[in-house]
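Below you'll find the structure, written out as structure tokens, and then a few comments.
Only a predicted model underlies this, so the values are computations on that prediction, with no experimental measurement involved. Position 1 is the first residue of the sequence, and the numbers go up from there.
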Amino acid sequence: MAFRFVHTADIHLDSPLRSLAMRNPDLAELVGDASRQAFVSIVDLCLAERVDALVIAGDLYDGDQTSMKTARFLASQMTRLHQAGIKVFKIRGNHDAMSRISKQLVFPDTVTIFEGRPQSVPQTAGGVDVMFHGLSFASPKAPDSLLPKYSAPREGAVNVGIMHTSLAGSPGHDVYAPCNVADLHGHGFDYWALGHIHVRQVHSGASTVLMPGIPQGRDINEAGEKSVTLVTIRDDRTIEIEERLTSIAQFERVNVDLTETVEWSEVVGRVRSALEGVRAFVRSRHVVVRLGLTGASPISWALIRDRDLLLAEAEQVGEQMGDTWVEKLELNVSPFAAEASEGVADPIFELAQSMRADASSEAFRAEARALVQKMISDLPPDGRDFAGKDEAGLELFLDRVLANGADLVTARLKAGGSQ
């Protein structure tokens, strides 16, 4: 006999499109609805596996949600679990604490929402006694560890702690309820169901400490398969964990080397092969690709000039393959070495060198930096990250823009001279 539950976190229902100012409305709709569809797949998994409980370790919502559409959606999914006799144990994370709708929804009595004080809830199924311990964020900020507030383990039961925490810190994540994995192992619980960090982490030791990661990526920075964890507690108190795929749309970076390509059709052929390769290994229904083209090619100028046409070609290839989307094209191509050396006496080549020299001067860079900073200050807060999140990010953005600008002018001039 056994007690089984699904552990998830960071669903971020109705999370707004972040870096996806997509020109393809169908793709924008797919990504915008993916977190909701991932939650449906989580409920489907609970029903298919006939688990005893679903554990949500924070951030079911994405922020200050007011949509009644979200409320109706959640009510229908919780009803599905309720009708199957599956309990739900949920804590509020930092995003949930900002949500007004999260405090207004009324769920079935099979749903336990832990409040801003420590609670312990006993459950028995499959001949196994389990004690769930949880504590929600009372406000969006939690600068101190919450671990001292959790009760001691209940003797005779398998103890499961549910916590939203940044642990000792993680790149791209703010600090919330920080604590050390060693302290979690030392607390005496058998399993820690964590949330907040969007990458799956398993920390074995005296107990099982697990961060399931986000069940559905939202942009290219959350690439790869996304999942939840199916947990089985045997009657001998041993714990087994299984990762289960939940992502509907999987983001992937795909790099294509165009070295020595001399025909447009060759470029499209290499793009097709690369997309077929990624489609073959991605298990999620949809794959959303950030396509990066690199290498030295005699037609680099044409690729730079006609990048929109190239993107359209790549999108068409993905459409022909089915459920394969290209959300952005990044070009880092250069002239073929022989062409560059032969072009020393070419006025366009010389102009390109002059433009790159001017762009690398501190005076030119300072002027460009001031222009970008003014653009940033004129934008609303949620649109200001396009040039990086800090000074180093801004400098990298300027490097890319100034280099690409010179390449684009060169491509335009070369195209005109070849007609």
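Taking CG of Leu167 as the reference point, atom CG of Leu184 lies at 6.5 Å (rounded to 0.5 Å). Expressed to the nearest 0.5 Å, how far CD of Glu313 lies from CZ of Arg307 amounts to 15.0 Å. Atoms CD1 and CG, on Ile113 and Leu60 in that order, are 9.0 Å from each other to the nearest 0.5 Å. Note: Leu13 CG to Ile11 CD1 = 6.0 Å, rounded to the nearest 0.5 Å. For the atom pair OG (Ser35) and CD1 (Ile214), the distance works out to 8.0 Å, reported to the nearest 0.5 Å. Taking CG of Leu47 as the reference point, atom CZ of Arg80 lies at 5.0 Å (rounded to 0.5 Å).
The main-chain N or O of Glu49 is found under 3.5 Å from a side-chain atom of Arg4 such that the two form a donor-acceptor pair. A donor-acceptor contact shorter than 3.5 Å is absent between the side chain of Thr261 and the backbone of Glu263. Looking only at distances, no side-chain donor or acceptor of Thr259 sits under 3.5 Å from a matching main-chain atom of Asp257. Between the Asp306 side chain and the Leu309 main chain, no donor and acceptor come within less than 3.5 Å of each other. Looking only at distances, no side-chain donor or acceptor of Asp10 sits under 3.5 Å from a matching main-chain atom of His198. No donor-acceptor distance shorter than 3.5 angstrom exists from the side chain of Asn255 to the backbone of Arg253, with no hydrogens or angles considered. Thr208 contributes no side-chain N or O that, together with a main-chain N or O of Ser204, makes up a donor-acceptor pair within less than 3.5 Å. Not one N or O on the side chain of Ser227 forms a donor-acceptor pair closer than 3.5 Å with the backbone of Leu245. Using modelled atom types, one side-chain atom of Arg279 and one backbone atom of Val282 make a donor-acceptor pair closer than 3.5 Å. Listed for the Asn180 side chain is no donor-acceptor partner under 3.5 Å among the backbone atoms of Ala182.
Proximity of Ser151 to Pro118: side-chain heavy atoms (C-beta onward) are nowhere separated by under 4.5 Å. Counting only heavy atoms from C-beta outward, the side chains of Leu230 and His7 never approach each other to under 4.5 Å. Within the 4.5 Å cutoff, the side chain of Arg270 has no heavy atoms near those of the Val268 side chain. Between Val231 and Phe3 there is no side-chain heavy-atom pair separated by less than 4.5 Å. Taking the side chain as every heavy atom from C-beta outward, Glu115 and Leu135 never approach each other to under 4.5 Å. Between Leu293 and Asn332 the shortest side-chain heavy-atom distance does not fall below 4.5 Å. Annotation: side chain of Phe132 is not in contact with side chain of Gln119 (no heavy-atom distance under 4.5 Å). Between Val6 and Ile42 there is a side-chain heavy-atom pair separated by less than 4.5 Å.
Residues Asp129 and Thr124 have side chains that bring a donor and an acceptor to within less than 3.5 angstrom of each other. Side-chain contact check for Trp325 and Glu319: no donor-acceptor pair (N or O, by modelled atom type) lies under 3.5 Å. Between the side chains of His164 and Asp59, at least one donor N or O sits under 3.5 Å from an acceptor N or O. No donor-acceptor contact under 3.5 angstrom links the side chains of Ser41 and Thr246, judged on distance only. Of the N and O atoms on the side chains of Gln216 and Ser247, not one donor lies less than 3.5 Å from an acceptor on the other residue. A donor atom on one side chain and an acceptor atom on the other are found under 3.5 Å apart for His185 and Ser207. Donor-acceptor pairing under 3.5 Å is lacking for the side chains of Ser334 and Ser300.
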Could you give me the CA-CA distance, side-chain angles and deciding distance for Leu147 and His187, then say whether side chain to side chain contact (heavy atoms under 4.5 Å, CB included) is met?
-> CA-CA 8 Å; Leu147 183 57; His187 191 75; 3.8 Å; yes
Can His12 and Tyr61 be said to form a ring-ring contact (aromatic ring centres under 6.0 Å, His included), step by step?
-> CA-CA 5 Å; His12 292 282; Tyr61 311 100; over 10 Å; no
Check the pair Ser284, Gln250 against side chain to side chain donor-acceptor pair (under 3.5 Å), reporting the backbone distance first and the verdict last.
-> CA-CA 6 Å; Ser284 301; Gln250 182 171 324; 3.1 Å; yes
Quick one: do Val31 and Leu27 satisfy side chain to side chain contact (heavy atoms under 4.5 Å, CB included)? Show the steps, please.
-> CA-CA 6 Å; Val31 176; Leu27 178 55; 4.0 Å; yes
Using the side chain to side chain contact (heavy atoms under 4.5 Å, CB included) rule, take Ile241 and Leu210 through it: C-alpha gap first, then chi angles, then the decisive distance, then the call.
-> CA-CA 9 Å; Ile241 58 174; Leu210 195 142; 3.6 Å; yes
Stepwise salt bridge (charged side-chain N to carboxylate O under 4.0 Å, His left out) test for Arg290 and Glu252 = CA-CA 6 Å; Arg290 175 73 59 88; Glu252 290 291 339; over 6 Å; no
Pair Leu81-Val111, side chain to side chain contact (heavy atoms under 4.5 Å, CB included): steps then yes or no = CA-CA 9 Å; Leu81 295 169; Val111 178; over 6 Å; no
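Looking at every heavy atom in both residues, Thr110 comes nearest to His82 through OG1-ND1, 2.8 Å. In this structure, Met211 and Thr165 approach most closely via the heavy-atom pair CE-O, 3.6 Å. Here the closest heavy-atom approach between residue Thr8 and residue Pro215 is recorded as OG1-CG, 3.9 Å. Contact between Val121 and Thr112 at its shortest, heavy atoms only, is CG2-CG2, 4.1 Å. The two residues Ala314 and Val271 have their closest heavy-atom pair at CB-CG1, 4.0 Å. Minimum heavy-atom separation, Ala57 to Ala193: CB-O, 3.6 Å.
The cationic atom of Arg36 (NZ for Lys, CZ for Arg) lies less than 6.0 Å from the six-membered ring centre of Phe73 and within 45° of the ring axis.
Side-chain rings of Tyr191 and Phe5 approach one another, their centers coming within less than 6.0 Å. Here the two rings, on Tyr150 and Trp192, have centers that are under 6.0 Å apart. Taking the six-membered ring for Trp, His133 and Phe114 have ring centres at least 6.0 Å apart.
For Arg200, the CZ atom counts as densely surrounded, since its 6.0 Å shell holds more than 12 non-hydrogen atoms of other residues, nucleotides or ligands. In Gln320, the CD atom is crowded: over 12 heavy atoms of neighbouring residues, nucleotides or ligands sit closer than 6.0 Å.
A salt bridge links Arg237 with Asp190: at least one charged nitrogen is closer than 4.0 Å to a carboxylate oxygen. Under 4.0 Å is where a charged nitrogen must lie from a carboxylate oxygen, and between Arg234 and Glu240 at least one such pair does.
The one candidate from Leu310, Leu303, Val289 that meets the side chain to side chain contact (heavy atoms under 4.5 Å, CB included) condition with Leu329 is Leu310.
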